[in-house]
Amino acid sequence: MRSITLLRNVYRPLVLRSVRQLSVTYGNPESLSPKVKQFIDEKAALCKPAAIHICDGSDSEAQMLADVLIKSGTWKKLPKYENCYLARTDPRDVARVESKTLICTPEQREAIPTPAPGVQGTLGKWQDPDSMMESLNERFNGCMEGRTMYVMPFSMGPVGSPLSKIGIQLTDSPYTVSSMRVMTRMGSNVAQALGDQDFIKCLHSVGYPLSNGRSDVPWPCNPEQTVITHFPENNEIISFGSGYGGNSLLGKKCFALRLGSILAKKEGWLAEHMLILGITNPAGVKKYIAAAFPSACGKTNLAMMRPSLPGWKVECVGDDIAWMRFDDNGVLRAINPENGFFGVAPGTSYATNPQAMETIKKNTVFTNVAETSDGGVFWEGLEDEMDLSQVSVTSWLGQENWTKESGKPSSHPNSRFCTPSGQCPVIDPAWEDPAGVPISALLFGGRRPSTIPLVLEANSWNHGVYLGAAMRSEATAAAEHGGKVIMHDPFAMRPFFGYNFGDYIKHWLSFGEKDNLKLPQIFHVNWFRKQDGKFIWPGFGENSRVLEWIFDRTDNAENGHVTPVGILPKPGSINTEGLSPVDMDTLFSINKEEWLAECDAVQKYFNEQIPHDTPAQLQQELDNLRSKLKHENMEANLG
Ligand code: OXD
Ligand code: MN
């Protein structure tokens, strides 16, 4: 609580104005609890907005905000679709900024592991709460001058579910309000459900005050001063300078993953960067799977997949985040804390994700995609599905008459659609079940052009935890670093850990030590193995063949055989009927030298990044793998 004390010290004289005295231009402050009002009072005194708007989440409010956003030039209506809009950001504000995302705890070790001497830590950034709060106070002082402060009560998870949690976000960005309305349950009913309980305090500003007659711009932001900070002690998130994505939709990565993972550790559950899907076999048996992949590895595509296998059905519970808790019967139950999809647009098409294409036809905000002259949108990946000879294209940077020949992409690689989950044609009937859905299998995966087979199953819970900790993937466009380097991204959580990764692994391992739990089986998949520069596996709907194998494994099918690297499908046990020829031998080949090199890379990573925090059981798994690879007869094992 000490940063709050500090805040009070800094601006005590200003706390004289209360929410009732400030100009509340929309909504009823009396509908808010004293704790919420106090939060608004304190932050309004610091940020000095011209007005306060208490969001109710109604349709008329959404329309009012759309009018504001169109008037300010932030949004443009897209007449080709129903209630859809296009936003273009400042080109300096296009992705999450990991380098400026900080966890502020009294002890550094709580937040991040201490790397080996001379090594740059990559498992999060820490700053001490007092100095951070001081520099935030400087940034936030008067930062909302001339603007409206919006107050958003929001619930992560269905309102009233025992697995859900509530936050209050204050922001000066109407774009953020409109997006949060899609991505979370937001409005008066949440304030009502909150009552007088505590909540996660979220403060956000684009950092562009309209003081001294400064005029507004379509995408206000402040890239030089951007910081995204988390204060777990206070249950507080404070973000400054960016209006885009996870930097400003504070319910998503900041709350549901970073603070969420801390709460999960304290309360004995899991907050993970995982999609959740329901899969039904031709006999009508349904199971649920949760899967972790790094950003932009096709999570949304998998979550809504149209299976190529006849008679199989996939339904979507969520595409990005899972909150999971073992119930009284020892069954792992998951909810999707979100209410919308914030999906990467490029690469999304009828060929890759027909369900997403259907979802985004109405009530959707597109950001940083290209616009067509008939009032629609375009991005890389739609070339075969749109006739561009009839329309002209304006790129995300506003370049008119854009063509591919310009050599520049029409859309930013991290351009997004923000669309309500409930509109998805294959949304799972239980997606809002307050009890959550029962999870039978957990998947880890990444983009691995070599070494890693299409699918393998962990030998045990601890081996599964090792597979998560050892995850690596080619870098993506969702964050600021680009290029095709293979990066370590343990549990697909590297940018999202709220606390020390070593402690996080221990938390995962702890479930294996309890004997009353029905632990889900753990798998690793890789859709991206290449030969001669080409993907071997067709992916997308054909991934249902892999899901079928996994489904059967969870029914104890005899379709696997034990190898040094895990349980692989017995030859012929992946259904290839109707599939164009695929080199299954190469897809599943295990090369001893490559795997030993993989062990070296993982060992180096543990030694460098978590030299003091590697749990013994994790090291044991790596040692076991290495010795099996060295001593066992690989040929016999792979037989
Ligand atoms: C996301 C991400 O936006 O992971 O989901 O970056
Ligand atoms: Mn994500």
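Everything quoted here is computed from the prediction, not taken from an experiment. One-based numbering, in listed order, for ligands and for the atoms of each.
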**Request:** Might you work through the salt bridge (Lys or Arg N to Asp or Glu O under 4.0 Å) test for Glu98 and Lys125, ending with a clear yes or no?
**Result:** CA-CA 8 Å; Glu98 285 172 24; Lys125 290 200 169 294; over 6 Å; no
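- Heavy-atom proximity to Phe496, at under 4.0 Å, picks out these atoms of ligand 1: 4 (O).
- Within ligand 1, counting atoms from 1 as listed, the ones closer than 4.0 Å to a heavy atom of His273 are 4 (O).
- Annotation: side chain to side chain contact (heavy atoms under 4.5 Å, CB included) contacts of Leu519 (sequence neighbours excluded): Phe326, Trp461, Phe511, Leu517.
- For the Mn ion (ligand 2), the set of protein N/O/S atoms nearer than 2.8 Å consists of Lys253 NZ, His273 NE2, Asp320 OD1, ordered by chain and number.
- Heavy atoms of other residues, nucleotides or ligands lying less than 6.0 angstrom from NZ of Lys76 number 12 at most.
- Of all atoms in ligand 1, listed by their number and element, those nearer than 4.0 Å to a heavy atom of Asp320 are 5 (O).
- For ligand 1, the atoms sitting less than 4.0 Å from at least one non-hydrogen atom of Lys253 are 1 (C), 2 (C), 3 (O), 4 (O), 5 (O), numbered in the order shown with element in parentheses.
- When the shell of 6.0 Å around NZ of Lys408 is examined, it contains 12 or fewer heavy atoms from other residues, nucleotides or ligands.
- For the pair Phe154 and Gln169, the minimum side-chain heavy-atom distance is below 4.5 Å.
- Legend: residues meeting ring pair (Phe, Tyr, Trp, His ring centres under 6.0 Å) with His230, ordered by chain and number and at least two apart, are absent.
- Looking at Thr364 and Thr419, their side chains do bring a donor and an acceptor atom within 3.5 Å of each other.
- Scanning for side chain to side chain contact (heavy atoms under 4.5 Å, CB included) contacts around Glu608 gives Val119, Lys604, with sequence neighbours left out.
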